[in-house]
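See below for the structure under consideration.
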Amino acid sequence: MNKVDEVNRVTIRGKIPDGLTRRAQHFVRIHGYRISDPGVEQHRARWLEHGIPAAEIDRAVAYQKIWGGIALPPSPHYDGGPSSFSADVPEGAEAEGWWFGAGLQRTALPYAFMIGPEGEFGIHASTWVPLHESIEGWVESVALVDHARRCARTITTVTGEAVEALQLDDFEPVLEVAGRADTWWRGADSLVAVYRGEAECMLAPQCRTATVYSGLDE
């Protein structure tokens with residue numbers, strides 16, 4: 001099997017998932033690729049035997065059908081994010097809800113990337129922290145990083161308590177990233193990315209980080 005057979009570019013095989021902005025669609029089309037992924041439907045019978053509700057298996061299968069095998073360039077945080085999107089066995093309970101894996105880590109991490117009970121994308125260790133309201137929000141954030149890095153004249157990073165000192169009163173939230181723990185803010189000529197996910201998940205406030213991209217045009 002040659003390299004072309006092993007890695008199929010999204011533009012050649014596979015439809016760009018719906019629900020993304022044109023910027024994110026372009027990012028996935030140019031920088032993303034799809035690797036072979038066997039899917040999770042084959043595990044349905046075994047998962048049902050282990051008491052996993054059919055509706056939760058359906059959610060994992062639907063996620064896999066749209067996103068399974070898509071790999072994106074690494075995010076600047078969370079050690080790059082998932083190496084590729086791939087659903088995994090659902091876990092949880094009726095009282096607290098169900099999660100399933102969103103994709104394997106690129107490096108050893110103390111948490112896993114998960115899709116939450118309401119479709120959120122987040123990280124899960126002893127604590128569940130939704131980073132974005134959807135997987136689309138995560139993809140939008142990674143695409144926005146790529147745009148901001150290329151276009152900003154200056155890039156400044158602050159951590160810990162300095163994150164809370166940022167003046168964002170005149171900024172508007174970037175709605176397409178569907179931010180929860182992680183949010184983006186748009187000013188007149190700048191973008192600010194605020195990352196609180198690891199700080200909340202690991203109870204480590206020193207891990208709060210914000211990146212300010214300045215000198216952007218309209």
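Starting from 1, each residue takes its place in the sequence as its number.
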Review point. Does a salt bridge link Arg208 with Glu200, judged by any charged N lying under 4.0 Å from a carboxylate O?
Key: no
Exercise for review: Take Asp88 and Gln64, measure what side-chain contact (heavy atoms from CB on, under 4.5 Å) needs, and give me the verdict at the end.
Suggested key: CA-CA 9 Å; Asp88 201 354; Gln64 186 72 20; over 6 Å; no
Point to revise | Single-linkage hydrophobic cluster, 4.5 Å side-chain cutoff, Tyr78 and Val145 together | key: yes
Point to revise | Flag, side chain of Gln25 to backbone of Leu20, donor-acceptor distance under 3.5 Å | key: yes
**Study point:** Electrostatic pair Asp37-Lys65, nearest N-O below 4.0 angstrom
**Key:** no
Review point. Side chains of Asp146 and Phe27: does their closest heavy-atom pair fall under 4.5 Å?
Key: yes
Point to revise | Closest heavy-atom pair and its distance - Ser83, Ala71 | key: O-CB, 3.4 Å
Check your understanding: Heavy atoms, side chains only, cut-off 4.5 Å: are Thr127 and Tyr111 in contact?
Key -> no
Exercise for review: Verify the neighbour count for atom CD of Glu94: are there more than 12 heavy atoms of other residues, nucleotides or ligands below 6.0 Å?
Suggested key: no
Review point. Judged by atom type as modelled, is there a donor-acceptor pair below 3.5 Å linking the side chain of His147 to the main-chain atoms of Ala143?
Key: no
Check your understanding: Any side-chain heavy atom of Ser214 within less than 4.5 Å of one from Arg153?
Key -> no
Practice item. Check whether Leu144 and Val194 end up in the same hydrophobic cluster, where Ile, Leu, Val, Met, Phe, Trp and Tyr are linked by side-chain heavy atoms less than 4.5 Å apart. Key: no
Review point. Can you tell me if Thr157 uses its side chain to pair, donor with acceptor, with the backbone of Ile155 under 3.5 Å?
Key: no
Exercise for review: Any chance you could measure Arg44, atom CZ, to Ile57, atom CD1, to the nearest 0.5 Å?
Suggested key: 5.5 Å
Check your understanding: Any donor-acceptor pair under 3.5 Å linking the side chain of Arg106 with the backbone of Gly80?
Key -> yes
Check your understanding: Hey, does Val212 have a side-chain heavy atom less than 4.5 Å from the side chain of Val158?
Key -> no
Review point. Got a sec: does the CD of Gln42 have more than 12 other heavy atoms crowding it under 6.0 Å?
Key: yes
Practice item. Might you point out which heavy atoms bring Gly197 and Leu131 nearest each other, and give the distance in Å? Key: CA-CD2, 3.6 Å
**Study point:** Donor-acceptor side-chain pairing of Asp79 and Gln105 below 3.5 angstrom
**Key:** no
**Study point:** Contact check, side chains of Glu91 and Phe100, non-hydrogen atoms, under 4.5 Å
**Key:** no
Study note, to complete from the structure: On a heavy-atom basis, the closest approach of Thr159 and Gln206 is CB-O, 4.4 Å
Study note, to complete from the structure: Of all heavy-atom pairs linking Met202 and Pro110, the shortest is SD-CG, 3.5 Å
Exercise for review: Over all heavy atoms of both residues, which pair between Val40 and Ala87 is shortest? Give the atoms and the distance, please.
Suggested key: CG1-O, 3.4 Å
Review point. When rounded to the nearest 0.5 angstrom, what distance separates CH2 in Trp128 from CD1 in Ile123?
Key: 8.5 Å
Check your understanding: Donor-acceptor pair, His132 side chain versus Phe121 backbone, under 3.5 Å?
Key -> no
Exercise for review: State plainly whether one hydrophobic cluster holds both Ile135 and Val174, where clusters connect Ile, Leu, Val, Met, Phe, Trp and Tyr through side-chain heavy atoms under 4.5 angstrom apart.
Suggested key: yes
Point to revise | Transitive ILVMFWY side-chain link Tyr63 to Val28, under 4.5 Å | key: yes
Check your understanding: Can you list every salt bridge (Lys or Arg N to Asp or Glu O under 4.0 Å) pair that touches residues 182-199, not counting sequence neighbours?
Key -> Glu164-Arg196, Glu176-Arg186
Exercise for review: Look at atom CZ of Arg150 and say whether more than 12 heavy atoms of other residues, nucleotides or ligands are closer to it than 6.0 Å.
Suggested key: yes
Exercise for review: Count the heavy atoms of every other residue, nucleotide or ligand shown that sit under 6.0 Å from CG of Leu104, and state whether that count exceeds 12.
Suggested key: no
Revision key, fill the gap. For Leu203, the hydrophobic cluster (side chain heavy atoms closer than 4.5 Å, chained through members) also holds none
**Study point:** Heavy-atom closest contact (Arg180 atom, Pro130 atom, distance)
**Key:** CB-O, 3.1 Å
Exercise for review: Please list all pairs passing the ring-ring contact (aromatic ring centres under 6.0 Å, His included) test where one or both residues lie in residues 148-207, with sequence neighbours left out.
Suggested key: His77-Tyr195, Trp184-Tyr213
Check your understanding: Does some side-chain heavy atom of Glu120 sit less than 4.5 Å from a side-chain heavy atom of Ser134?
Key -> no
Point to revise | Residues Glu56 and Arg59 bridged, charged N to O under 4.0 Å | key: yes
Practice item. Answer yes if Trp67 and Leu72 sit in the same cluster of Ile, Leu, Val, Met, Phe, Trp and Tyr residues linked by side chain heavy atoms under 4.5 Å apart, and no otherwise. Key: yes
Point to revise | Donor-acceptor pair between His26 and Arg23 side chains, under 3.5 angstrom | key: no
Point to revise | Working for side-chain contact (heavy atoms from CB on, under 4.5 Å), residues Thr183 and Val177 | key: CA-CA 7 Å; Thr183 54; Val177 303; 5.8 Å; no
**Study point:** Note, Thr211 side chain near Thr156 side chain (heavy atom, < 4.5 Å)
**Key:** no
Check your understanding: Taking the side chain as C-beta and beyond, is there a heavy-atom pair between Pro117 and Trp99 under 4.5 Å?
Key -> yes
Practice item. Give the ring-plane orientation class for Trp138 versus Phe113, where under 30° counts as parallel, over 60° as perpendicular and anything between as tilted. Key: tilted
